[in-house]
Structures are given as structure tokens and as C-alpha cells.
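The block underneath contains the structure these notes are about, expressed in C-alpha cells.
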Amino acid sequence: MRSILFTSFLLMLCACASLGPGSFQTKEITYKTRKKTQSSLLAIPSNSNESSPIIFIYHEAWKEKNLAETKAKELAKKGYVAMTVDIYG
């Protein structure tokens with residue numbers, strides 16, 4: 001799974017090179033666990049690079065994915081790489 005996330009991150013960095021300052025791009029990443037297919041939203045600002053840390057955002061038990069995705073986009077606007085994590089499916 002780490003290789004999928006890392007590859008997606010590198011692809012998004014290349015795509016973000018043409019974006020203006022303060023802008024960001026999102027990508028939905030899907031991956032399989034033992035029982036389910038999970039999905040995550042990766043939000044990458046245009047000023048990120050290979051050493052940019054990633055903030056992982058977990059939603060609550062009530063499946064508030066929209067709130068987590070909104071928070072990821074807000075963090076990307078501020079210059080942080082953010083990724084939501086769906087632990088419930």
C-alpha cells in the first residue's frame with residue numbers, strides 16, 4: 001500500500017508543478033484491504049515537494065467523509081499535503 005501512496009504522491013507533485021501559488025489539486029485513491037475497497041482523498045498544494053510531510057485525516061465513526069475531505073482541502077490551501085483515511089469503508 002505504501003508504494004501505491006508514494007506513486008500517487010509523486011504523480012500529483014508532477015501535476016501540481018503547473019499550478020499557481022496557493023492552488024492545489026486533489027486525487028481520489030482507492031485501495032483494497034482484506035474485506036473492502038477503501039478510498040482516500042489526497043490534496044497536494046502546488047508548493048509541495050518530495051520532503052513535504054503528509055497530514056492524515058481520519059473521519060469519525062459516523063462516516064463524516066465530507067468533513068474530512070473539506071479539512072484536507074483547507075489544509076492544502078494553506079500549503080500542507082493532506083490525505084483522508086477511510087477506516088470504515
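These figures come from a predicted structure and were not determined experimentally.
Separating the CE atom in Met83 from the CD1 atom in Ile55 is a distance of 13.5 Å, to the nearest 0.5 Å. Here the CD1 atom belonging to Ile29 is positioned 13.0 Å from the CD atom belonging to Gln38, to the nearest 0.5 angstrom. Interatomic distance, Ser40 OG to Tyr31 OH, rounded to the nearest 0.5 Å: 3.0 Å. Here Ile44 contributes atom CD1 and Ile54 contributes atom CD1; the two are 7.5 Å apart, rounded to the nearest 0.5 Å. Thr84 contributes atom OG1, which lies 13.5 Å from atom NZ of Lys71 (distance to the nearest 0.5 angstrom).
Shortest non-hydrogen contact noted between Ala72 and Ala43 is O-CB, 3.7 Å.
Hydrophobic clustering, with ILVMFWY side chains joined whenever heavy atoms are under 4.5 angstrom apart, groups Tyr58 together with Leu42. Two different hydrophobic clusters hold Phe56 and Tyr80 under the rule that ILVMFWY side chains link at heavy-atom gaps under 4.5 Å.
Using a cutoff of 4.0 Å between basic side-chain nitrogens and carboxylate oxygens, Glu74 and Lys77 are not scored as salt-bridged.
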